Amino acid sequence: MTAPAPAAGSGTRPPSDETGGAAARRYHARYGSVLPAIDPAAGSTPPKHHPGARVLPLPYPPTFPPAPTADRTSPSPDPDLAPDPRDLEHLGALLALLNGVTRADWTDGRVRAGRPVPSGGGTYPGEVYVATSSGLCHYLPAAHALELLSETDLRADLAGALSPPPAAPPEVLLLISSRLGANLARYGPFGHRLQALDTGVLAGQALTLLESAGAAPTAHALFAQEHVGRLLGLDAETERVHAVVTAGRPGPVASDAALPNRRTARSGYEPAPVPLAQVLGVLDRAARPVALDHTPPADCDLYVVAHRVTGLAPGCHRRDPRTGRLVPVADGVSARELFPAGGPGELAAFEAACAVVVTGSYEAGYPVYGDRWYRMLNLRAGVLGQRIGLAAARTGLGAGLRCDTDTGAADAALRTPPDRTTLLAALLGPERGAGTPSHHLLFRPGGPPPPTG
Ligand SMILES: Cc1cc2nc3c(=O)[nH]c(=O)nc-3n(C[C@H](O)[C@H](O)[C@H](O)COP(=O)(O)O)c2cc1C
C-alpha cells in the first residue's frame with residue numbers, strides 16, 4: 001500500500017528539531033558513510049525485559065502447517081471472535097521466526113546462538129512489541145514467551161499515531177524498537193545507521209511472515225514516534241520505536257524451510273561458479289514491491305558485481321527494474337573494490353561468486369520527508385537485505401550481508417549517479433564445505449519437534 005507524501009518531516013506533526021535533511025546530511029558525512037574502527041571486544045546492552053510483568057509462555061514447539069496448495073487469502077477479521085488458542089499458536093510461530101533464538105551454530109571455535117534474521121555485528125538492537133485485542137506484550141526471544149505489559153486494547157491509540165492511519169483497523173500491530181545503546185560501544189555513532197538497517201531487516205521479515213500468514217501487512221515508517229514510545233512505556237533516552245507493522249488476523253505461517261535455515265555463510269564460499277538464473281531469482285525476490293506506508297521518492301537500485309557467475313561477464317551490472325535484466329555498467333570491476341583494501345570484506349568478496357549491492361538516494365527524500373528519510377531509506381535497504389538473505393537460503397546459496405563497504409570506492413566502482421550511494425552489500429556463493437554445523441533450537445520444519453528435556 002502506498003500513500004501520498006506528507007509534508008517534510010511529518011509524523012503526525014514534524015519533530016521540533018527537524019532540519020529538512022541538513023542534520024541527516026551532516027551525520028552521514030561524518031559517521032554514516034565512514035567505516036568506523038570497530039571495537040570487537042565491546043559488548044552489547046542486555047536485551048529488554050520488564051521485571052515484575054506477567055510472563056505468558058508461547059506454545060512450544062512452534063509449528064508450521066503443511067505448505068498450502070492454493071493461494072492463501074486473509075482470514076476475515078471478526079471482532080467478536082472469542083480468543084482462540086490457535087491465534088496464540090500462530091502468533092508464537094510468527095514471533096519465533098521473526099526474532100526468536102532458533103539456532104545454535106558451531107562457529108569460530110565456539111557455539112553461538114542464532115536467529116532467523118541477521119543483525120549487524122550480531123548485536124540485535126531490535127525489540128518486538130505486539131498489540132492485539134488482548135493487550136500489549138513484549139516478546140522475550142530467549143524464553144520464547146510474552147511479557148504482558150497491559151491488558152488494555154491499545155490498537156486504536158497506536159493506529160491513530162500512524163500517519164496516514166491504516167485503511168482498516170489493524171487486528172495486530174508489531175512495534176519494532178531499537179535499544180539505542182545496543183551497538184554504539186562497538187560501532188560508535190555508525191551504529192545508528194546499522195540500527196536503521198536492522199530495523200529494516202526485522203520489518204522485512206515481519207512482512208514476509210505476515211504475508212505468508214495471509215494477514216495483508218503494511219510497514220509504517222511515518223508515525224508520532226514519541227507518542228508511540230509513551231504508549232509502550234519506553235524511556236526515549238534508551239529505546240525508540242523505529243517501525244510499526246500493521247496487519248489483519250494472522251493465520252498459520254506457511255511451511256518454508258528457508259525461514260529457520262537462513263544464516264550468514266560463516267565458513268566462507270567455495271571457488272565454484274553460480275548459474276546466472278540463481279542470481280536473477282534472488283534479485284527478483286528482493287525487488288518485489290514492499291508494502292510500505294509511503295511512496296519512496298526514488299527507489300533503491302540493485303547491482304551485481306560478478307566474479308564467478310555462469311552466463312554473466314565478470315564486472316558490474318545494474319538490474320533494470322522494468323525488465324529485471326542485468327545491464328552491463330563496467331567491465332573488469334571486482335567485488336573486492338567495494339571494500340577497504342586488506343580488510344575482511346575484501347577477502348570475503350574475493351571468495352564469493354558475486355556481490356549484490358543496494359544503492360539509494362538520500363537527496364531525493366529530504367525535501368519530502370526531512371531528516372526522517374535517512375532512517376526510512378536505510379530501513380528500505382534493510383528490507384532488501386532481509387529478502388536477499390532469505391532468497392539465497394531458498395535457492396541453496398550461501399549469503400552474507402555487509403555494511404563494511406568503502407562507500408566512496410563502492411560508488412566509484414558501481415558508477416552510481418551523483419545523488420545515489422551504496423547502502424548495503426550482500427555476498428553470494430556456494431557455502432564452503434558442508435557449511436557451519438547448526439542445530440535448531442525451537443523447531444525443525446517438517447521433522448520431529450526438538451527434545452524438550
Ligand atoms: C545490516 C547488517 C550489516 C552487516 N554487516 C556485516 C559486515 O559488514 N560484516 C560481516 O561479517 N557481517 C555483517 N553482517 C552479518 C552479521 O554479522 C550476522 O547477521 C550476525 O552475526 C548474525 O549471524 P547470522 O546472520 O548467521 O544469523 C551484517 C548484518 C546486517 C543485518
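Order of listing sets the numbers, starting from 1, for every ligand and every atom in it. A quick note: this is a predicted structure, and the numbers were derived from the prediction, not measured.
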Need the ligand 1 atom indices (1-based, order shown) with element for anything under 4.0 Å from a heavy-atom of Pro118. 19 (O), 25 (O), 31 (C)
Looking only at protein heavy atoms, which one is nearest to atom 5 (N) of ligand 1, and how far off is it? Cys403 N, 3.1 Å
Out of Arg266, Arg402, Arg112, the nearest non-hydrogen contact to atom 10 (C) of ligand 1 is supplied by Arg402
Please report whether ligand 1 has a polar contact with Asp404, defined as an N or O pair separated by less than 3.5 Å (distance criterion only). yes
Any donor-acceptor N or O pair under 3.5 Å, side chains Gln195, His242: no
Starting from atom 30 (C) of ligand 1, which protein heavy atom do you reach first, and at what distance in Å? Gly120 N, 3.4 Å
Below 4.0 Å, non-hydrogen atoms only: which portion of Leu197 touches ligand 1? Side chain, backbone, both or neither. side chain
Is it the case that the ring center of Tyr139 lies less than 6.0 angstrom away from the ring center of His144? yes
Kindly state whether the ring of Tyr362 and the ring of Tyr374 have centres lying under 6.0 angstrom apart. yes
Trp373 and Tyr369 aromatic ring geometry - parallel, tilted or perpendicular at 30°/60° bounds: parallel
Passes salt bridge (charged side-chain N to carboxylate O under 4.0 Å, His left out), Glu346 versus Arg336? Steps please. CA-CA 5 Å; Glu346 187 194 14; Arg336 294 167 61 179; 3.2 Å; yes
List the atom of Thr405, the atom of Ala425, and the distance in Å for their closest heavy-atom pair. CG2-CB, 3.9 Å
Between Arg25 and Glu363, is there a side-chain N and carboxylate O pair less than 4.0 Å apart? yes
Tell me the protein heavy atom at minimum distance from atom 14 (N) of ligand 1, and give that distance in Å. Leu401 O, 3.2 Å
Relative to the heavy atoms of Arg103, which atoms of ligand 1 are at a distance of less than 4.0 Å? 24 (P), 26 (O), 27 (O)
Contact with ligand 1 for Phe339, non-hydrogen, under 4.0 angstrom: no
Taking a cutoff of less than 4.0 Å between a non-hydrogen atom of the residue and any ligand atom, is Gly121 in contact with ligand 1? yes
For Ala24 and Tyr366, work out which heavy atoms get closest and say how close. CB-OH, 3.5 Å
Tell me, which protein residue and heavy-atom name are nearest atom 26 (O) of ligand 1, and how many Å apart are they? Thr264 N, 2.9 Å
Looking at ligand 1, does Ser119 have a heavy atom less than 4.0 Å from it? yes
Hey, does Gln386 sit under 4.0 Å from ligand 1 if you only count heavy atoms? no
Based purely on interatomic distance, does Asp198 place a nitrogen or oxygen under 3.5 Å from a nitrogen or oxygen of ligand 1? no
Is any side-chain N of the basic residue among Asp411 and Arg420 closer than 4.0 Å to the acidic one's carboxylate O? no
Is there a nitrogen or oxygen of Arg263 sitting under 3.5 Å from a nitrogen or oxygen of ligand 1? no
Closest non-hydrogen atom pair, Cys316 against Tyr303: SG-CD2, 3.9 Å
Taking all atoms of both residues into account, what is the closest heavy-atom pair of Thr199 and Ala243, and its distance? CG2-CB, 3.6 Å
Find all atoms of ligand 1 within a distance of less than 4.0 Å from any non-hydrogen atom belonging to Gly122, and give their numbers and elements. 20 (C), 21 (O)
Can you report which non-hydrogen protein atom sits closest to atom 27 (O) of ligand 1, along with the distance? Arg262 NH2, 2.8 Å
For atom 22 (C) of ligand 1, what's the nearest protein heavy atom and its distance? Tyr124 OH, 3.3 Å
